[in-house]
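So the structure is just underneath, and the comments pick up after that.
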Amino acid sequence: MAPQRRGAPKAPEGSGAAERRRPGSVKGARALRELRRRWLRAAGLGTCAALAALLLWGSLGADDGVTEVLAHRGEVLPGKFIEVPCSEDYDSHRRFEGCSPTKCGRGVTDAVISREEARRVRSIAEKGLSLGGSDGGASILDLHSGALSVGKHFVNLYRYFGDKIENIFSEEDFQLYRDVRQKVQLAVAQAFGISASSLHLTKPTFFSRINSTEARTAHDEYWHAHVDKVTYGSFDYTSLLYLSDYLDDFGGGRFVFVEEGANTTVEPRAGRVSFFTSGSENLHRVEKVHWGTRYAITIAFTCNPDLGIADPALT
């Protein structure tokens with residue numbers, strides 16, 4: 001019988017001898033690990049860059065839910081109006097012939113209040129809000145009721161400061177406020193084809209100052225979508241006069257009409273008036289302000305004379 005050939009003895013498992021006989025395998029494994037490390041490092045840097053881009057985009061006030069801009073900050077609009085079907089919200093309230101909404105919609109104009117008037121009106125808000133201010137990001141000044149945000153609460157401006165209030169405001173301030181309010185009222189009436197005399201100022205009509213400070217109370221959470229007719233009841237027509245400029249004075253803070261799959265925004269511009277019927281056909285919200293300070297005044301109108309309020313007066 002011919003002698004059998006024996007193969008080379010097997011290396012004990014884990015001895016490293018097998019590795020020494022396969023140097024290419026070791027180098028390949030090391031190269032693979034290095035390649036994986038480099039890939040992970042690159043992926044991490046890419047993720048950071050993407051996050052930074054998102055933060056920058058957010059700081060400019062972008063909102064992925066907005067699909068259409070009704071009014072850009074750079075345009076000067078003589079008037080723009082979009083009619084929408086009325087909701088049923090008005091049916092549960094007393095209706096007033098020739099005033100209660102039958103034509104519903106939303107509009108924007110830059111031709112009613114000048115930028116200089118807006119600057120002067122803003123100075124009224126700044127003087128009043130300098131007396132207080134919310135601990136959170138949203139402060140309110142209501143010259144009609146006297147409500148002023150102070151810390152986490154509200155005080156009555158006129159009672160709290162008494163006669164000293166005449167050292168803060170002037171009669172010229174209040175006259176300017178009344179004149180601007182009347183111009184806005186006329187613009188709203190014309191847009192909806194009703195008599196201005198059938199509209200009555202209603203509460204709350206107020207200045208707002210919004211910045212990026214973290215909310216402290218529910219009053220500071222201004223960004224939730226809502227319906228004015230549902231929230232306040234008295235509102236039939238809502239208007240906003242903007243007193244500062246989007247992307248110049250603040251980032252974020254755009255006004256958004258909320259609609260399924262087609263949110264529409266108004267970019268604030270000092271002197272711009274945005275107005276709309278107050279029912280569910282105009283569900284809306286304000287984006288969070290990311291930086292700077294946003295000033296505006298909400299001016300609300302009712303068709304019910306019993307729910308009207310008087311213009312404010314210094315004396």
Side-chain angles (χ1 to χ4, degrees), residues 70-71 77 79-109 111-113 121 140-145 147 177-208 222 224-243 255-259 263-266 268 272-286 296-312:
L70 180 60
L77 295 171
K80 189 173 185 178
F81 185 83
I82 296 174
E83 190 167 352
V84 298
C86 292
S87 65
E88 298 178 354
D89 295 336
Y90 309 99
D91 295 340
S92 58
H93 295 266
R94 182 181 171 189
R95 298 191 68 89
F96 292 82
E97 187 68 28
C99 181
S100 294
T102 55
K103 171 186 175 182
C104 293
R106 59 195 66 153
V108 182
T109 178
V112 173
I113 306 299
V121 172
I140 296 299
L141 168 64
D142 183 338
L143 290 180
H144 301 268
S145 69
Y177 181 93
R178 292 190 289 268
D179 290 344
V180 165
R181 191 274 301 166
Q182 289 169 0
K183 288 182 180 181
V184 171
Q185 181 171 339
L186 181 60
V188 171
Q190 290 176 338
F192 290 100
I194 57 179
S195 170
S197 61
S198 67
L199 291 176
H200 306 275
L201 196 65
T202 193
K203 62 180 181 181
T205 285
F206 57 91
F207 288 106
S208 60
Y222 55 85
H224 300 296
H226 63 280
V227 174
D228 288 346
K229 189 67 178 172
V230 174
T231 303
Y232 301 112
S234 62
F235 284 29
D236 288 310
Y237 300 91
T238 305
S239 68
L240 296 113
L241 169 59
Y242 297 110
L243 306 174
F255 185 93
V256 180
F257 290 107
V258 180
E259 299 173 285
N263 290 351
T264 304
T265 187
V266 173
R272 171 166 287 170
V273 179
S274 173
F275 54 88
F276 49 94
T277 45
S278 305
S280 298
E281 68 277 2
N282 284 312
L283 174 68
H284 61 274
R285 64 183 179 87
V286 173
I297 177 170
T298 298
I299 306 174
F301 300 101
T302 181
C303 294
N304 187 342
D306 295 336
L307 301 177
I309 60 174
D311 280 318

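None of these values were measured; they are calculated from a predicted model.
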key: Partners passing ring pair (Phe, Tyr, Trp, His ring centres under 6.0 Å) against Tyr222 (at least two apart in sequence or in another chain)   = none
message = So, applying side chain to side chain contact (heavy atoms under 4.5 Å, CB included) with Leu240, which one of Thr298, Ile299, Val108 is it?
response = Thr298
task = Please name all residues satisfying ring pair (Phe, Tyr, Trp, His ring centres under 6.0 Å) with Phe255, sequence neighbours left out, ordered by chain then number.
result = Phe257, Phe276, His284
ask   = Taking only residues two or more places apart in sequence or in another chain, which ones pass ring pair (Phe, Tyr, Trp, His ring centres under 6.0 Å) with His144?
value = Tyr177
task = Tell me yes or no: between the side chains of Asp142 and Ser145, is some donor less than 3.5 Å from an acceptor?
result = yes
task = Measure the shortest side-chain to side-chain distance between Val273 and Ile113 over non-hydrogen atoms and say whether it is less than 4.5 angstrom.
result = yes
Whether His226 side chain and His224 backbone form a donor-acceptor pair below 3.5 Å = yes
Set of residues satisfying ring pair (Phe, Tyr, Trp, His ring centres under 6.0 Å) with respect to Phe81, sequence neighbours excluded = Phe192
task = Over all heavy atoms of both residues, which pair between Ala300 and Pro204 is shortest? Give the atoms and the distance, please.
result = CB-O, 4.3 Å
inquiry  = Checking Ser239 now: which residues fulfil side chain to side chain donor-acceptor pair (under 3.5 Å) with it, not counting sequence neighbours?
reply    = none
task = Among residues two or more places apart or on two chains, list those pairs meeting side chain to side chain donor-acceptor pair (under 3.5 Å) that have a residue in residues 194-206.
result = Ser195-Ser197, Thr202-Ser234
ask   = Donor-acceptor pair, Asn263 side chain versus Glu259 backbone, under 3.5 Å?
value = yes
inquiry  = Quick one, Tyr237 and Thr302 - any side-chain contact, counting heavy atoms below 4.5 Å?
reply    = no
inquiry  = Restricting to non-hydrogen atoms, name the atom on Pro305 and the atom on Phe96 that form the minimum distance, rounded to 0.1 Å.
reply    = CD-CE2, 3.7 Å
request  = Would you mind reporting whether Thr277 and Asp236 have side-chain heavy atoms less than 4.5 Å apart?
outcome  = no
